[in-house]
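A quick write-up on the structure given underneath.
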Amino acid sequence: MIRCLLVDDEPWALELLTSYISRLPSLQLVAATTKPLEALSLAVPAKTDLIFLDIQMPELNGLQFMQAIDQRCKVIITSAYTEYAVAGFENNVTDYLLKPISFERFCKAIQKAGSQLAAPEPPPVASHIFVKTDNKLVKVDFEEILYLEGARDYVFIHTVKDKLVTLDSLRNFEDILPSSRFVRIHKSFIAGIDKIDAVEKSRVVIGENFLPIGESHKQAFLAAINKSRGS
């Protein structure tokens, strides 16, 4: 089953692709949205395998979207214009579909995506994420993140430079951030493993900050620490 995400600012284009997906039992529609910024939280391997992505969108164009997800999912571009093809393939897109898209051409693109997903290449090692804050996308390097703090519908990202706040969930960040570098230590905290200065009985120390270790996360946290010690 290939999990598909549709991102296009034209509702008719979403309706067409939704109808095509419904005709193929090997496909599952995760979401169809006209808002690319909202789609970013779904563009993670735990939720989506393949993204059908328009290029010309007012909120965030397709090329910016691909840079933000950093090749975490396969992408098929859907566009009425040919001039973005070179830029698309430079970003390792699976295929480039010109609108209007026929069902036959759609199926060929799905076959290509299926082959790539069946025998995936080693995923690129990501070094950063893009976070929406103050109506803009801000690049945050993993190396600079100390810890993340969840507070209701918001996440505070504490870095070596400052603190960012974004409307998101800690669970989404847990899916996105590499487990080799970050670990959930509490329902409200994710810590950068290499930023931990000390581990006490029920808390970790990062600089001058003391973060609690939740009982439900303690075993996984200690396993991550032990693995880090052995690497």
Side-chain angles (χ1 to χ4, degrees), residues 5 36-49 51 53 60 63-75 90-92 120-151 153-199 203-214 217-231:
L5 173 62
L37 287 177
E38 289 184 2
L40 285 176
S41 64
L42 297 172
V44 295
K47 299 178 180 179
T48 299
D49 302 308
I51 302 171
L53 181 66
L60 183 74
L63 297 178
Q64 293 170 328
F65 188 97
M66 286 189 288
Q67 291 170 0
I69 66 172
D70 199 23
Q71 299 185 42
R72 290 195 296 267
C73 305
K74 297 296 183 183
V75 174
E90 286 177 347
N91 282 276
N92 295 318
E121 298 177 358
V125 179
S127 61
H128 62 273
I129 53 173
F130 281 85
V131 175
K132 185 183 179 184
T133 182
D134 295 330
N135 294 317
K136 60 183 178 181
L137 285 173
V138 177
K139 181 180 178 181
V140 183
D141 291 325
F142 292 152
E143 183 62 33
E144 295 185 351
I145 299 176
L146 300 175
Y147 64 94
L148 295 88
E149 177 182 3
D153 297 326
Y154 292 88
V155 173
F156 295 91
I157 304 173
H158 300 261
T159 74
V160 295
K161 296 178 181 178
D162 52 20
K163 179 172 70 174
L164 303 174
V165 59
T166 183
L167 181 62
D168 209 328
S169 71
L170 209 59
R171 179 56 188 271
N172 278 336
F173 278 99
E174 188 176 12
D175 290 337
I176 294 171
L177 296 172
S179 60
S180 61
R181 304 187 66 164
F182 297 91
V183 60
R184 186 79 172 260
I185 64 170
H186 187 273
K187 66 179 182 179
S188 300
F189 292 98
I190 293 175
I193 295 174
D194 65 344
K195 297 300 188 295
I196 296 175
D197 298 311
V199 179
R203 64 183 185 178
V204 302
V205 182
I206 299 179
E208 298 181 354
N209 303 287
F210 297 89
L211 310 181
I213 301 172
H217 298 281
K218 191 171 185 178
Q219 186 174 354
F221 165 66
L222 293 176
I225 290 296
N226 288 331
K227 184 177 180 180
S228 177
R229 289 174 58 192
S231 61

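We use all heavy atoms of the structure for the numbers below, so side chains are in, but hydrogens, waters and symmetry mates are not.
- The two residues Met66 and Asn91 come nearest to each other via the heavy atoms SD-CB, 4.0 Å.
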Quiz item: Is there a side chain to side chain contact (heavy atoms under 4.5 Å, CB included) between Leu211 and Arg203 once you walk through the steps?
Solution: CA-CA 5 Å; Leu211 310 181; Arg203 64 183 185 178; 5.9 Å; no
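- Contact check on Lys195 versus Glu144 returns no salt bridge, with no Lys/Arg side-chain nitrogen under 4.0 Å from an Asp/Glu carboxylate oxygen.
- Side-chain contact between Ile213 and Phe221 is present, with at least one heavy-atom pair separated by less than 4.5 Å.
- In Phe210, the CZ atom is crowded: over 12 heavy atoms of neighbouring residues, nucleotides or ligands sit closer than 6.0 Å.
- Using a 4.5 Å heavy-atom threshold, the side chains of Lys74 and Asp49 count as separate.
- The line from CG of Leu40 to NZ of Lys132 is 9.0 Å long, rounded to the nearest 0.5 Å.
- With contacts defined as side-chain heavy-atom distances shorter than 4.5 Å, the pair Phe173/Thr166 qualifies.
- Counting only heavy atoms from C-beta outward, the side chains of Val131 and Leu137 never approach each other to under 4.5 Å.
- Of the inter-residue distances, the one linking Tyr147 atom OH with Asn209 atom CG reads 3.5 Å to the nearest 0.5 angstrom.
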Practice problem: Dump the intermediate steps for side chain to side chain contact (heavy atoms under 4.5 Å, CB included) on Thr159 and Ile157, then the final yes or no. | Solution: CA-CA 6 Å; Thr159 74; Ile157 304 173; 4.0 Å; yes
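- Atoms CD1 and OG, from Ile193 and Ser179 in turn, are 7.5 Å apart once rounded to the nearest 0.5 Å.
- Partners of Phe182 by ring pair (Phe, Tyr, Trp, His ring centres under 6.0 Å), not counting sequence neighbours, listed by chain and number: Phe142.
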Practice problem: Quick one: do Ile225 and Ile196 satisfy side chain to side chain contact (heavy atoms under 4.5 Å, CB included)? Show the steps, please. | Solution: CA-CA 10 Å; Ile225 290 296; Ile196 296 175; 4.0 Å; yes
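- Of all heavy-atom pairs spanning Val183 and Ala220, the tightest one is CG2-O, 4.4 Å.
- Separating the CG atom in Leu148 from the CG atom in Asp168 is a distance of 10.0 Å, to the nearest 0.5 Å.
- Between Arg181 and Glu143 a salt bridge is recorded (basic side-chain N to carboxylate O distance below 4.0 Å).
- How far CG of Leu177 is from CZ of Arg184: 11.0 Å, rounded to the nearest 0.5 Å.
- Summarising the geometry of Phe189 relative to Pro212, their closest heavy-atom pair is CE1-CD, 3.7 Å, with the distance given to 0.1 Å.
- Residues that satisfy the ring pair (Phe, Tyr, Trp, His ring centres under 6.0 Å) test with Phe130, not counting sequence neighbours, are His128.
- Considering only heavy atoms from C-beta on, Ile69 comes within 4.5 Å of Ile51 through its side chain.
- Taking all atoms of both residues into account, the shortest heavy-atom contact from Pro36 to Phe65 is O-CE1, 3.3 Å.
- Checked against salt bridge (charged side-chain N to carboxylate O under 4.0 Å, His left out), Asp175 has the following partners two or more places apart in sequence or in another chain: Arg171.
- Listed for the Asn226 side chain is no donor-acceptor partner under 3.5 Å among the backbone atoms of Ala223.
- In terms of heavy-atom proximity, Asn172 sits nearest to Ser41 at ND2-CB, 3.7 Å.
- Judged by distance alone, with hydrogens and angles left aside, the side-chain atoms of Thr48 form a donor-acceptor pair with the main-chain N or O of Leu42 at under 3.5 Å.
- Interatomic distance, Leu37 CG to Gln64 CD, rounded to the nearest 0.5 Å: 9.5 Å.
- Within the 3.5 Å criterion, the main-chain N or O of Val165 finds a donor-acceptor partner in the side chain of Thr133.
- The two residues Leu146 and Ile206 come nearest to each other via the heavy atoms O-CD1, 3.7 Å.
- The side-chain heavy atoms of Gln71 and Asn92, taken from C-beta on, include a pair separated by under 4.5 Å.
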